[in-house]
Amino acid sequence: MKVVIVGGVAGGASAAARLRRLDEKAEIIIFERTGYVSYANCGLPYFIGGIIEEKEDLTLQTPESFRSRFNIDVRVRHEVLGIDRARKKVSVRNLDTGAEYDESYDKLILSPGARPIVPDLPGVDGKRVYTLRTVEDTLRIREAATAGNVESAVVIGGGFIGVETAENLKKAGLKVSIIQRDPHILAPIDGDMAAFLHNHLRRKGVTLLLNAVVTGFEENDGGIRVMLENGNSVAADFAVMAVGVAPESTLARTAGLETGVKGSIAVNGAMQTSDPDIYAVGDAVSVINTVTGDKSVIALAGPANKQGRIAADNISGVSRSYAGSPASSVLKIFDMTAAFCGLNEAAANAAGIKYEKVIVSPASHASYYPGGRAMTIKALFEPQSERILGAQIVGFDGVDKRLDVISTAMQSGMKVSQLAELDLAYAPPYASAKDPVNMVGFVAQNVLEGKVSQFFFDDLDSLPRDGSVILLDTRTEEEYARGHADGFSVNIPVDCLRERLGELDRAKPVYVMCQSGLRSYIACRILAQEGFRCFNFAGGYRLYDIVRRERFDEKCSTDCGAR
């Protein structure tokens, strides 16, 4: 059997190695149009910032190592130009010599990845505008960033690549701006959660321009000027275009293979295309979103590696199917971490899924052990089925492992209330006896069982300010004096609430806020059992302060100021 693979990196390289482990006699050829067949694509921004110091460290396998270990023929700097499905051949060009030839196959695997989206804007093709996809791109950007006369850079786009590139350009010593056309960075999370990241980026010296639309680029001898729709402009030495990626499906489309959402290559669970002898994996394909059940493009390394393995299995006679992905992701942003899986509110609304949500701010580990800091977890779930729809977490320590637990729970079909029952490892330096994941389950149970009613940031502006409702802050007097939410004019610390119930009108609904949502929940339980209608503010004043005023104490544990 002869297997030809178009593209290396995650999906193609994984498929090749798995094929060899399953079939020692197969002839395997990889064509890769760049100079690197298997490299740490997700590590590219960190070479720009010098965190990864040697470019050799980006390379996972070389053509030589593939040959010596796996007996695989890797041809870098070779571009596949077309597919002749009837003759089962691909046409190939050697980019170094220009020579073209045909290569036959029994089975073909397409792993072309995704291409950077480059809008058709004036000046976008200038020599000072870069994109980041390959090792070669990274080398060019690092060379630009470390040139002796370079002081500043602008990144267009606040997604994964844009944010990571901005951080690493800053680490390289440059003044950095991010221009984002949307109200917040990182589309997979909601605006209230992104506010924490906005604050952190600005503290680290990154300039954020949100709701800003780029209309073109003007180069001059001293650098580049990025023109904005509002008439303003941003000057820098160079720019990095990082507005997103699109499936690289040209080969498949030209060959008449079926395509799907966003022009992706359509595949079944075995990673087969509409031609049973052609498979496709990675960023170019559409797979099942395990939350909605719809086809989706999920451009992540983890799914690409798994898909490459599954394609190889099926080619080798091992029946296996790719179940899909909830798109679990994690991102380092200077000292903070953002992680997310499944749906955010915008995606749930777009899918027409009714949901409930909880927001908690637990400490990363036991509060009495030094170094613990608050993280904020937002979880969405269906109120009837209790199916977990998604989670978003921002914080400093332990974020990734909590996201992984929730993602695993989602994929195993656990109910949100069952998160309360999970027996997770505990020691004071690592967690609390009630883990943050357990806390999500506890709060969800309270909501589902009617033990607490919630209100959210988006509800604040619609609350009456005419005295018909009570807006109650249950923090200490000192905390309240340092700052409180607009309209929350009644301050009764939770520890004094029982003795001061007479100050509240039982005929009026009470909307309660504290620092994190914990003390206000306790207050609501007191008030509810005393005959009041009570609503607890999800996320607490900490969330209010960051969303409304873009400020929060980064060193704080879950209930800063309460002790």
Side-chain angles (χ1 to χ4, degrees), residues 160 184-197 289-292 296 298 300 302-303 324-333 336-351 353-364 374-383 385-422 424 431-432 434-448 454 456-457 516-517 538-540 542-543 546 558:
F160 282 76
H184 65 84
I185 63 170
L186 298 178
I189 69 176
D190 293 312
D192 50 1
M193 301 294 281
F196 291 95
L197 308 175
N289 180 306
T290 54
V291 183
T292 65
S296 179
I298 300 174
L300 296 169
S325 171
S328 301
S329 309
V330 65
L331 181 68
K332 175 184 177 296
I333 305 173
M336 290 196 79
T337 300
F340 24 88
C341 62
L343 307 183
N344 62 9
E345 290 197 64
N349 288 325
I353 299 175
K354 293 183 179 180
Y355 63 91
E356 184 60 83
K357 60 185 176 183
V358 296
I359 304 172
V360 298
S361 296
S364 56
M375 66 178 68
T376 298
I377 306 177
K378 181 177 186 177
L380 276 61
F381 57 92
E382 284 183 317
S385 68
E386 296 191 36
R387 181 170 69 112
I388 305 169
L389 299 173
Q392 307 161 48
I393 312 178
V394 294
F396 295 89
D397 301 308
V399 168
D400 54 338
K401 70 175 182 178
R402 272 61 185 229
L403 191 282
D404 283 342
V405 171
I406 296 175
S407 178
T408 301
M410 286 176 61
Q411 294 175 73
S412 65
M414 289 181 63
K415 296 180 178 181
V416 67
S417 60
Q418 291 177 307
L419 297 179
E421 303 167 12
L422 288 177
L424 303 173
S432 299
K434 297 177 181 177
D435 191 85
V437 174
N438 296 139
M439 296 303 298
V440 172
F442 294 150
V443 176
Q445 282 180 341
N446 289 334
V447 171
L448 289 166
Q454 302 183 100
F456 301 94
F457 183 86
S516 68
R542 182 175 184 270
L543 183 75
I546 188 64
T558 178

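- For the pair Ser361 and Leu543, the minimum side-chain heavy-atom distance is 4.5 Å or more.
- Taking every heavy atom of both residues into account, Ala391 and Leu403 meet most closely at O-CD2, 4.0 Å.
- Here the shortest heavy-atom pairing between Leu300 and Ser329 reads CD1-OG, 3.6 Å.
- Here the side chains of Leu186 and Ile333 are in contact, with some heavy-atom distance below 4.5 Å.
- Put simply, CD1 on Ile359 and CG on Leu380 are 9.0 Å apart, with the number rounded to the nearest 0.5 Å.
- In terms of modelled atom types and a separation under 3.5 Å, the side chain of Asn438 and the main chain of Leu419 share a donor-acceptor contact.
- With rounding to the nearest 0.5 Å, the separation of OG in Ser385 from NZ in Lys415 is 8.0 Å.
- Here the closest non-hydrogen pair linking Pro326 and Met410 is CB-CE, 4.2 Å.
- Listed for the Arg402 side chain is a donor-acceptor partner under 3.5 Å among the backbone atoms of Ser364.
- In this structure, Ile353 and Leu389 have side chains that are in contact, with non-hydrogen atoms separated by less than 4.5 Å.
- A 4.5 Å side-chain heavy-atom check between Phe196 and Met375 finds every atom pair outside the cut-off.
- Here the side chain of Asn289 pairs no donor or acceptor atom with the backbone of Gly324 at under 3.5 angstrom.
- Residues Gln454 and Val358 are in side-chain contact: their nearest non-hydrogen atoms beyond the backbone lie under 4.5 Å apart.
- Here the closest heavy-atom approach between residue Ile388 and residue Ala409 is recorded as CD1-CB, 4.1 Å.
- A heavy-atom distance below 4.5 Å is not found between the side chains of Ser417 and Phe381.
- Side-chain contact between Val360 and Pro436: absent, with no pair of heavy atoms (C-beta onward) separated by less than 4.5 Å.
- Using a 4.5 Å heavy-atom cutoff, the side chains of Met193 and Phe340 are not in contact.
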From CA spacing to verdict: side chain to side chain contact (heavy atoms under 4.5 Å, CB included), Leu422, Met414: CA-CA 10 Å; Leu422 288 177; Met414 289 181 63; 3.6 Å; yes

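- Just one residue in the list Asn344, Asp192, Asp190 forms a side-chain hydrogen bond (donor to acceptor under 3.5 Å, both in side chains) with Gln392, and that residue is Asp190.
- Considering every non-hydrogen atom in both Ala338 and Leu197, the closest pair reads CB-CD1, 3.8 Å.
- Distance CD1/Ile406 to SG/Cys341: 6.5 Å, rounded to 0.5 Å.
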